[in-house]
Protein chains: 4
Amino acid sequence: MNERSFIAELMTNKQQQILIAAESIIAREGYQGLSMQKLAEEAGVAAGTIYRYYDNKEALTAQLVERIFCQVALVILKDAEKGTVEQRFRRLWWNVVEFDARTTTNQLSYEQALHLPGANSGQHLELLLSTFQPMRQILVDGVEAGMFKDIRVEILVATSIEPAVGLARRRQQGMKFSNNELSTAYDLCWHSILK
Amino acid sequence: MNERSFIAELMTNKQQQILIAAESIIAREGYQGLSMQKLAEEAGVAAGTIYRYYDNKEALTAQLVERIFCQVALVILKDAEKGTVEQRFRRLWWNVVEFDARTTTNQLSYEQALHLPGANSGQHLELLLSTFQPMRQILVDGVEAGMFKDIRVEILVATSIEPAVGLARRRQQGMKFSNNELSTAYDLCWHSILK
Amino acid sequence: MNERSFIAELMTNKQQQILIAAESIIAREGYQGLSMQKLAEEAGVAAGTIYRYYDNKEALTAQLVERIFCQVALVILKDAEKGTVEQRFRRLWWNVVEFDARTTTNQLSYEQALHLPGANSGQHLELLLSTFQPMRQILVDGVEAGMFKDIRVEILVATSIEPAVGLARRRQQGMKFSNNELSTAYDLCWHSILK
Amino acid sequence: MNERSFIAELMTNKQQQILIAAESIIAREGYQGLSMQKLAEEAGVAAGTIYRYYDNKEALTAQLVERIFCQVALVILKDAEKGTVEQRFRRLWWNVVEFDARTTTNQLSYEQALHLPGANSGQHLELLLSTFQPMRQILVDGVEAGMFKDIRVEILVATSIEPAVGLARRRQQGMKFSNNELSTAYDLCWHSILK
DNA sequence: GATGAATGAGCCTTCATTCAT
DNA sequence: AATGAATGAAGGCTCATTCAT
């Protein structure tokens with residue numbers, strides 16, 4: 001990598017730098033704590049610089065929401081796209097439950113991102129749907145394989161995955177669960193949707 | 001009623017007035033939209049008056065969160081405290097799923113309240129736990145009656161109630177479910193925790 | 001005057017206070033020099049206080065323009081509303097020429113006010129027209145009395161009053177004229193519109 | 001043309017380019033609308049480049065004012081430098097009255113330029129005086145020829161030319177005058193200074 | 001106890017200017 | 001000479017909070 005492209009990459013990264021700093025602040029102090037001045041400090045740039053990359057605070061927030069959705073989807077769906085339906089479902093479920101273990105205190109959770117201003121706009125809901133489509137696909141595949149009950153996917157997701165989300169939230173709030181307990185929970189979820 | 005208690009009641013009413021106005025504004029415009037000035041207007045009092053009842057905005061928000069938790073608990077647990085375990089569980093589950101249908105546009109949902117600043121403080125988590133204790137009690141009773149699987153209550157709640165919460169959230173986002181579909185979901189939840 | 005109304009008047013005056021301070025700053029440093037912070041300091045109030053009286057800087061400027069137009073009209077038309085047409089015209093003409101002598105360095109001139117942002121809006125042009133109507137009336141009366149040439153008033157104003165405005169501007173820029181010279185100018189103007 | 005002068009000319013062109021762009025922006029959006037960034041864009045150069053030619057915004061504005069004064073003088077004095085005094089005066093007067101008809105929406109008027117920040121500095125007033133000297137000369141010549149009244153030139157200018165300026169301003173504000181009316185005005189001005 | 005005018009710190013954003021390339 | 005990303009002071013404005021009445 002020559003010097004020029006090195007610099008270029010640094011500059012491109014400035015956008016990322018800002019976004020990461022924003023995430024960090026919100027994770028630490030909530031959205032109320034995010035001021036452009038503080039963000040500039042945390043990102044190590046001047047206040048005005050932020051506006052070279054984002055039209056305004058709203059646009060920055062919007063991109064942050066997108067970023068987090070994608071990151072969450074990546075973690076949730078890790079290694080859950082190949083193998084048998086059972087393997088994929090198991091992978092997905094545990095990824096969800098153990099989600100918090102992978103995030104540092106600098107990272108926003110999916111739940112937090114969902115409640116940033118503007119995260120409920122139609123545009124974002126669409127993004128959510130398409131980002132998490134692979135998750136739904138696992139259940140669709142299970143239904144088509146005659147393995148899962150023949151029910152609307154949303155119901156299957158709510159029944160089998162939502163409990164994992166709830167457990168993850170409880171863990172994030174500090175509640176502890178043994179592997180044994182979590183395994184039991186997994187079994188309940190798994191069997192509840194099996195034909 | 002003597003003068004003192006009359007005045008006391010007036011004060012209490014004014015406090016309620018303020019809290020209701022705050023809820024209304026947040027439900028309508030989000031927490032960002034809640035300014036003390038606007039709140040005073042909506043509540044029909046002077047700005048300074050709010051500070052007779054609340055030390056500051058944070059204290060007001062905290063009390064609002066408590067209020068909403070209690071209200072939600074009331075709705076969720078409506079008619080779910082007597083009858084057989086099955087009756088109580090059924091009542092609870094459907095109360096959750098149909099929660100949104102009972103709230104007006106002036107009311108904050110449980111989810112929204114959960115994400116107000118400070119709602120995740122240890123103090124509030126404790127309150128949550130005690131407020132929703134009756135819900136846990138239904139499952140505890142079921143376990144003790146030998147009807148539900150003998151598992152830690154949190155797991156049972158996550159498995160059987162969390163799906164209802166997820167469905168309610170989806171409905172609030174505009175997703176539609178038929179009674180048939182919801183009944184199916186109920187059956188899955190119910191059977192998944194039965195011994 | 002009791003204490004209450006004294007206070008009330010002080011408060012009402014705060015608006016005037018702000019307007020006067022704004023005029024003073026603009027006269028001294030130009031419109032570019034008018035920042036809300038500086039204005040607050042000069043007016044002896046807090047920055048936020050200005051916004052109790054004016055929605056924004058634009059509204060404040062607009063009212064300032066109106067104020068100055070009215071003030072200028074008052075000075076220009078002083079004692080020019082009674083007497084013969086000749087007396088009234090003479091009064092008007094000299095009021096214009098000596099306008100600058102009456103203004104302190106804290107006051108905006110008519111010319112400066114005319115070039116504040118927004119001063120050319122249709123709304124202000126209308127105000128201008130009605131405010132200076134009494135000036136036009138003097139010429140109208142002269143025409144109807146058969147004393148002035150029977151020409152459109154605008155032409156008469158331009159021919160007889162505009163020179164006075166020009167002389168006033170020159171004096172404001174530091175040029176000196178003797179009474180003799182000014183009297184000669186007056187005669188030229190006066191005779192040019194006489195029948 | 002050697003390389004040096006070629007480059008010199010390029011620079012000069014770029015300077016002109018910047019100045020023209022600045023005039024265009026101010027004419028369109030007012031002085032408030034002139035930002036160095038926007039200017040760079042409109043002029044087709046980089047923001048930093050402007051600072052090769054002008055020390056700062058103030059210097060640029062100053063030169064713009066000068067440029068416009070010269071341009072205005074050019075238009076005003078067009079064809080007014082030869083012929084009899086009467087011919088020259090007539091030419092001058094009509095050039096002034098019809099000034100607006102010759103300017104495009106990209107050009108600043110004399111009035112606008114007069115009210116740019118700094119346009120009232122002593123330095124500019126001197127420039128004004130020397131730039132418009134040929135105009136004064138017409139009247140001086142008329143006086144020396146025994147044609148005009150033997151009065152200080154400033155008075156003559158104020159009496160005979162200022163009305164034309166006033167009419168031009170009214171036209172720029174949208175007021176309409178017939179050729180007949182303007183001719184009448186011309187006659188008044190002309191005769192008012194004739195011996 | 002209630003009022004609401006006043007406060008001023010802090011917010012988001014702009015923009016003249018610099019400087020490494 | 002030219003670029004344009006970066007700077008950061010300053011701008012207009014909001015709003016939680018105070019306090020004289």
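Every chain is numbered from 1, with letters handed out A, B, ... down the list of sequences. The shown structure was predicted, so the numbers you read here are calculated from the model rather than taken from an experiment.
Between D:Tyr110 and D:Phe69, the angle of the ring planes lies from 30° to 60°, which puts this pair in the tilted group. A parallel orientation is assigned to the rings of B:His115 and A:His115, their planes being inclined by less than 30° (bins at 30° and 60°).
Residue C:Tyr53 has its side chain nearest to E:dA6 when only F:dA2, E:dA6, F:dG11 are considered. Considering only side-chain atoms of A:Ala47, the nucleotide from F:dA9, F:dA16, F:dT3 that sits closest is F:dA9.
The side chain of D:Tyr51 places no N or O atom within less than 4.0 Å of a non-bridging phosphate oxygen (OP1 or OP2) of E:dC19. When the side-chain nitrogen and oxygen atoms of B:Arg52 are compared with OP1 and OP2 of E:dG1, one or more of them lie within a distance under 4.0 Å.
Taking CZ of A:Arg67 as the reference point, atom CD1 of A:Ile20 lies at 5.0 Å (rounded to 0.5 Å). To the nearest 0.5 Å, atoms CG (B:Leu64) and CD1 (B:Ile25) are separated by 10.5 Å.
Atom NZ of C:Lys14 is separated from atom P of E:dG4 by 17 Å (rounded to the nearest Å). Between the CG atom of D:Asn13 and the P atom of F:dA1 there is a distance of 16 Å, rounded to whole Å. Atom CD of D:Gln15 and atom C1' of F:dA1 are 14 Å apart (whole Å). Atom OH in C:Tyr54 sits roughly 16 Å away from atom P in F:dT14 (whole-Å rounding). Here the P atom of nucleotide F:dA1 and the CD1 atom of D:Ile50 are 16 Å apart, to the nearest Å. Summarising the geometry, the separation between CG on C:Asn56 and P on F:dT14 is reported as 8 Å, rounded to the nearest angstrom. Regarding A:Glu58, its CD atom lies at a distance of 13 Å from the P atom of E:dC12, rounded to whole Å.
Judged by distance alone, the side chain of B:Thr61 and the main-chain N or O of B:Lys57 form a donor-acceptor pair under 3.5 Å.
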What do the steps show when you test D:Arg52 against D:Lys14 for side chain to side chain contact (heavy atoms under 4.5 Å, CB included), and what is the final call?
CA-CA 10 Å; D:Arg52 286 229 157 268; D:Lys14 206 160 264 187; over 6 Å; no
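Residues from residues 25-42 of chain B that place a heavy atom under 4.0 Å from any atom of DNA chain E: there are none.
For C:Glu29, the CD atom is densely surrounded, since the number of other residues' heavy atoms within 6.0 Å is greater than 12. Heavy atoms from other residues, nucleotides or ligands lying under 6.0 Å from CD of D:Gln32 number more than 12. The environment of D:Glu58 atom CD is sparse: at most 12 non-hydrogen atoms of other residues, nucleotides or ligands sit within 6.0 angstrom.
Between A:Lys57 and C:Val45, the residue whose closest nucleotide on DNA chain E is further toward the 5' end is C:Val45. When the nearest nucleotides of DNA chain F are assigned to B:Gly48 and C:Asp55 by heavy-atom distance, the more 5′-ward of the two goes with C:Asp55.
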With pairs defined as Watson-Crick or G-U wobble and both distances under 3.5 angstrom, please note down DNA chain E as a dot-bracket string, | for pairing with another strand.
.||||||||||||||||||||
